[in-house]
Each structure stands twice: as structure tokens, then as C-alpha cells.
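Here is the structure we will look at.
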Amino acid sequence: MATFMQDLWESIFTPGTTPTLLVATNVTFACLQLVLLLLLVATYSIHFVILSCLCGGLWWSINWFAAELKVAQAKEAKEKARLDQRAAAQASDDSETEVETTIVAKGKPAPGSTEVEVAEQAGDLKLRAEPSTGSKSSASTEDEWEKVSENENEKDK
């Protein structure tokens with residue numbers, strides 16, 4: 001029991017699911033189902049049936065997700081092993097001389113060239129308005145209020 005608790009504590013800090021964490025989750029859901037059954041028997045309330053159904057659905061979905069995660073990890077490990085095997089086979093087939101050839105098309109810079117390509121703007125970008133020729137204080141709040149009050153005075157005339 002002590003090793004289970006230690007493994008459970010360590011599995012909290014391990015990314016992904018661990019067998020210890022899944023066992024603890026299943027035991028917890030089983031205990032919750034038992035408590036909901038006892039409360040149903042004691043009270044005959046439909047609420048505990050509904051809570052039990054929700055609990056069962058969540059329990060099933062957690063186990064389904066853990067199984068799918070395990071399948072995805074196995075598929076990823078298999079793919080990685082296949083790529084490693086292919087890389088090892090290719091490395092053994094290569095000769096001792098490695099030559100890189102670069103073909104430069106006219107008008108287009110080569111991938112490793114030192115030319116700078118101008119990036120086009122994408123999307124609906126708004127350019128900033130150029131600052132006014134006035135002083136820095138002309139954009140202050142006080143100046144804006146003065147402009148507003150002048151406009152109101154002109155409307156009143």
C-alpha cells in the first residue's frame with residue numbers, strides 16, 4: 001500500500017497517464033458509484049440515479065481517453081522506430097563522400113542565399129497614421145478637450 005501511494009504521488013508529476021493513476025481513478029469512481037447506490041436506497045430519490053448515470057459516463061469517457069492515448073503513443077513509437085530504422089539503413093548505404101548540390105533558378109533567390117525577400121502584408125492590417133507636425137503635447141488630453149469645446153462653441157453660434 002505504501003508503494004502504491006508513493007507511485008500515485010509520483011504519477012501526479014508525470015505527464016500523461018500512468019497505470020497507478022488509472023487504478024486510483026477507477027477505485028475512486030467505483031466508491032462514488034457505491035455511495036450513490038447507498039443514497040438511492042436510503043432516499044429513493046431520482047437525483048441519485050441521474051448522478052450515477054453522469055458518474056458512469058464520466059468514468060467510461062476517462063477510461064476511453066486513456067485507451068486512445070495508449071494507442072496513439074504506441075502508433076507514435078512504432079512510427080519513430082520505423083523512421084530510425086530507415087535512417088540507419090540510409091546511413092549505411094551512403095558512401096563516404098557527401099556532396100550537396102544547389103540549383104539556383106533565375107529570378108528566385110536560393111534557399112541559403114543572402115538576398116533579402118520583401119514579405120508581403122497579409123490580412124487586413126491598418127497602418128498607423130503619421131504623427132502630426134505639431135509638438136508632442138498637441139496630442140495631449142487637454143488639447144483634445146480644447147478642440148471639442150471649440151467645436152461646441154462653433155455649433156452654438
Side-chain angles (χ1 to χ4, degrees), residues 1-132 136 139-142 144-145 148:
M1 183 68 170
T3 60
F4 177 77
M5 293 304 286
Q6 184 179 3
D7 290 343
L8 181 61
W9 180 257
E10 290 173 359
S11 70
I12 293 171
F13 304 107
T14 304
T17 58
T18 60
T20 307
L21 190 59
L22 287 175
V23 167
T25 302
N26 287 328
V27 168
T28 303
F29 273 106
C31 290
L32 179 59
Q33 287 286 23
L34 179 65
V35 167
L36 290 173
L37 177 67
L38 293 175
L39 288 171
L40 176 66
V41 169
T43 62
Y44 297 107
S45 175
I46 189 77
H47 296 96
F48 296 113
V49 173
I50 295 169
L51 286 172
S52 180
C53 290
L54 290 173
C55 175
L58 181 60
W59 190 3
W60 175 82
S61 65
I62 288 173
N63 283 319
W64 172 81
F65 182 77
E68 288 294 316
L69 188 61
K70 188 183 290 186
V71 168
Q73 287 173 344
K75 183 178 179 183
E76 189 176 301
K78 184 178 178 183
E79 181 71 20
K80 185 177 179 185
R82 187 178 63 81
L83 289 175
D84 289 344
Q85 185 181 20
R86 182 178 286 171
Q90 188 178 25
S92 65
D93 291 343
D94 288 344
S95 65
E96 302 250 345
T97 307
E98 294 182 12
V99 178
E100 291 185 13
T101 57
T102 304
I103 300 173
V104 178
K106 292 183 179 179
K108 293 183 180 178
S113 73
T114 58
E115 296 180 24
V116 177
E117 294 180 21
V118 178
E120 295 181 22
Q121 291 183 352
D124 298 332
L125 299 176
K126 293 182 181 179
L127 298 177
R128 289 186 178 181
E130 293 197 20
S132 63
K136 192 172 188 179
S140 71
T141 307
E142 293 175 9
E144 292 297 321
W145 280 110
V148 170

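The CG atom of Leu8 lies 7.5 Å from the OG1 atom of Thr18; values are rounded to the nearest 0.5 Å. A distance of 5.5 Å separates OG1 in Thr3 from CG in Asp7, rounded to the nearest 0.5 Å. Once rounded to the nearest 0.5 Å, the distance linking NZ of Lys70 with CD of Gln73 reads 9.0 Å. Taken to the nearest 0.5 Å, the CH2 atom of Trp59 stands 10.5 Å off from the OG1 atom of Thr25. Here the CD1-CG distance, from Ile62 to Leu22, works out to 9.0 Å after rounding to the nearest 0.5 Å. Atom CG of Leu38 sits about 11.5 Å away from atom CD of Gln33, to the nearest 0.5 Å.
In Phe4, the CZ atom is crowded: over 12 heavy atoms of neighbouring residues, nucleotides or ligands sit closer than 6.0 Å. Atom CD of Gln85 has 12 or fewer neighbouring heavy atoms from other residues, nucleotides or ligands inside a 6.0 Å radius.
With contacts defined as side-chain heavy-atom distances shorter than 4.5 Å, the pair Ser52/Leu40 does not qualify.
Annotation: salt bridge (Lys or Arg N to Asp or Glu O under 4.0 Å) contacts of Arg82 (sequence neighbours excluded): Glu79. Taking the side-chain hydrogen bond (donor to acceptor under 3.5 Å, both in side chains) definition, one finds that Thr17 meets it with nothing, sequence neighbours left out. The ring pair (Phe, Tyr, Trp, His ring centres under 6.0 Å) check on Phe13 picks up Trp9, with sequence neighbours excluded.
Scanning both residues, Phe48 and Leu39, for their nearest heavy atoms gives CE2-CD1, 3.5 Å.
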